[in-house]
There are 2 protein chains.
Amino acid sequence: MTVSEKSFDTASKTSKSKSNTHQALEILRNMILSNELASGSNHLEKELASLLGMSRTPVREATLILEAQGLVEVKPRHGVRILSLSSKDMAEIYEILTELESLSAELAANKDLPDDEFLIAEKAIRDMDQALKNEDREAWAEADEIFHSELVRLGGNKRIADVIDKYNDQVRRVRYLTLNLRPTPTQSNEDHRNVLTAIREGKATTARKLHTAHRIQAKTMLLALLDKYGFHNI
Amino acid sequence: MTVSEKSFDTASKTSKSKSNTHQALEILRNMILSNELASGSNHLEKELASLLGMSRTPVREATLILEAQGLVEVKPRHGVRILSLSSKDMAEIYEILTELESLSAELAANKDLPDDEFLIAEKAIRDMDQALKNEDREAWAEADEIFHSELVRLGGNKRIADVIDKYNDQVRRVRYLTLNLRPTPTQSNEDHRNVLTAIREGKATTARKLHTAHRIQAKTMLLALLDKYGFHNI
DNA sequence: TTATAAAATTACGTATACATTAAAAAATTA
DNA sequence: TAATTTTTTAATGTATACGTAATTTTATAA
């Protein structure tokens with residue numbers, strides 16, 4: 001590794017230099033999630049290759065992986081299409097997230113976990129409180145995501161985490177867009193606290209029901225917002 | 001297209017000629033599900049390329065997609081490893097299948113579906129009865145799979161179907177292996193009938209609970225079999 | 001022999017060449 | 001003009017070449 005490569009590598013992210021394919025995957029994924037590559041837009045392989053400064057081969061491989069992950073659709077001669085989501089798509093995804101997170105809450109409650117397993121979730125709750133006080137919605141959203149992913153981690157099923165990560169990727173854009181349109185998430189903080197308490201107390205059914213209610217509420221709110229602001233494909 | 005190519009194409013499957021990448025994907029997937037490519041085995045790109053009669057490029061693309069689908073792991077310089085499953089993996093997967101199929105049963109029950117929507121599921125139930133009489137377990141398994149996928153279809157959430165298809169692919173091998181080791185699935189047929197009745201009558205909670213119980217029973221039985229016969233990685 | 005170092009091998013990652021064929025543009029005809 | 005055909009363009013799918021680096025083999029030293 002040359003010095004310049006090394007410094008670039010350090011500057012970027014991890015210390016191990018990944019293949020161009022995996023770099024392309026990571027960069028494109030980030031550009032999609034941040035809407036730098038707008039949903040609904042099409043991009044030819046050549047365009048992406050020159051954007052990323054590499055040949056078509058690794059770009060092509062990255063787009064095939066992104067397609068398998070549900071973020072794009074590869075349409076020969078029309079380029080790679082960044083997938084957009086309808087309200088129906090959102091509803092489908094939220095149905096899955098609700099179900100698998102709620103199951104995770106139940107599983108976690110049945111485990112009699114030691115106190116130190118809850119540290120991150122508790123911090124996330126505190127951060128959400130603080131973020132509400134500061135009226136900092138980005139900080140709130142970040143802590144909210146940490147709380148939800150902790151819930152899944154505590155459930156202990158890695159594949160549930162995989163599925164949820166995949167669908168969270170697909171809706172992150174939408175969630176971000178509505179972050180400042182939605183009402184203050186005061187109730188959410190209360191909900192989270194109650195779910196975590198139920199888990200700590202081993203009340204599996206309660207934990208599950210509380211979390212399901214929490215998620216259904218979030219879904220209803222989001223779909224109403226999309227409708228209200230006329231976002232039909234996002 | 002030459003005459004020989006055309007006849008090969010006709011003989012093979014669909015009439016539209018797919019790309020080599022997608023052919024490779026389909027063939028490799030089938031070879032994995034049927035255990036022709038044994039779980040745990042490793043295969044170099046070159047080997048697969050000559051097996052499939054194409055260059056490394058489309059084979060490589062296919063393996064990257066298979067990796068994203070969770071069937072293989074690409075390990076540079078060690079080849080593509082066909083993933084095997086531990087009991088823990090099986091338990092994780094069954095947890096997801098149980099949850100999402102049960103949710104589908106609930107959703108279907110809430111839909112007040114017309115009678116003709118149940119034709120395929122009903123036929124599957126009859127076929128399972130017949131297969132039991134004939135002591136034909138392969139026929140039973142086929143009808144069983146149709147019933148389960150119908151349940152998900154009736155629920156109406158396409159993404160649930162995607163997730164379930166993905167994990168069914170991963171456990172199909174195991175299910176097939178234990179097909180003739182398990183007790184006669186008499187109770188299963190009864191369970192299916194009850195779930196379908198509950199759905200038709202709009203009893204969502206009942207449908208859900210019945211199906212969950214059915215699935216948990218199947219999971220317990222399968223894990224016990226794996227343990228009894230010493231299948232720790234399959 | 002066992003451990004280490006040097007050399008050889010080879011699988012992979014990537015760029016590139018090129019045939020194919022869909023799409024677009026131009027030309028022709030009605 | 002509108003419809004059809006022909007020509008051109010260019011995006012893709014695939015094979016191949018080749019540098020790189022991991023692995024294996026061989027050689028050397030302890």
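Just so we're on the same page: letters track the sequence lines, and every chain starts at 1.
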Give a yes-or-no answer on whether the side chains of A:His148 and A:Asn168 include a donor-acceptor pair shorter than 3.5 Å.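 No pair is found: no donor N or O on one side chain lies under 3.5 Å from an acceptor on the other.
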
Taking atom types as modelled, find out whether A:Glu92 and A:Tyr167 have a side-chain donor-acceptor pair closer than 3.5 angstrom. no

Could you state the [atom1]-[atom2] distance from [X] to [N], rounded to the nearest angstrom?
X       : N      : atom1 : atom2 : value
A:His22 : C:dC12 : NE2   : P     : 13 Å
A:Glu47 : D:dA11 : CD    : P     : 10 Å
A:Glu61 : D:dT14 : CD    : P     : 13 Å
A:Gln23 : C:dT14 : CD    : P     : 8 Å
A:Arg60 : C:dA15 : CZ    : C1'   : 14 Å
B:His43 : C:dT10 : NE2   : C1'   : 19 Å
B:Leu44 : C:dC12 : CG    : C1'   : 10 Å
B:Glu45 : D:dT14 : CD    : P     : 15 Å

Out of C:dG13, C:dA15, D:dG13, which nucleotide sits closest to the side chain of A:Thr57?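 Looking only at heavy atoms from C-beta outward on A:Thr57, the closest nucleotide is C:dA15.
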
A:Lys46, nearest nucleotide to its side chain (from D:dA15, D:dT12, D:dA11):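 Nearest nucleotide to the side chain: D:dA11.
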
Check: B:Glu67 side chain, B:Val74 main-chain N or O, donor-acceptor pair, under 3.5 Å: yes

Is there a donor-acceptor pair closer than 3.5 Å between any side-chain N or O of A:Asp144 and the backbone N or O of A:Trp140?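 Checked: no pair found.
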
For B:Arg77 and A:His78, take the nucleotide of DNA chain C holding the closest heavy atom to each; which residue's nucleotide lies nearer the 5' end?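 In this pair, the answer is B:Arg77.
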
Where each residue is assigned the nucleotide of DNA chain C containing its nearest heavy atom, which of B:Lys75 and A:Met54 is assigned the position nearer the 5′ end?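 Final value for this comparison: B:Lys75.
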
Mind checking who C:dA30 pairs with, Watson-Crick or G-U wobble, both distances under 3.5 Å?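 With both distances under 3.5 Å, C:dA30 matches D:dT1.
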
What does B:Ser19 touch in the nucleic acid at a heavy-atom separation under 4.0 angstrom: a base, only the sugar-phosphate, or nothing?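 Sugar-phosphate, no base atom in range.
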
Under-4.0 Å side-chain N/O to phosphate OP1/OP2 contact, A:Asn20 with C:dG13: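 Looking at the OP1 and OP2 atoms of C:dG13, neither is under 4.0 Å from any side-chain N or O of A:Asn20.
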
For residues 220-234 of chain A, tabulate all N or O donor-acceptor pairs below 3.5 Å that involve a side-chain atom, not counting sequence neighbours.
from	atom 1	to	atom 2	distance (Å)
A:Thr220	OG1	A:Ile216	O	2.7
A:Asn233	ND2	A:Ser84	OG	3.0

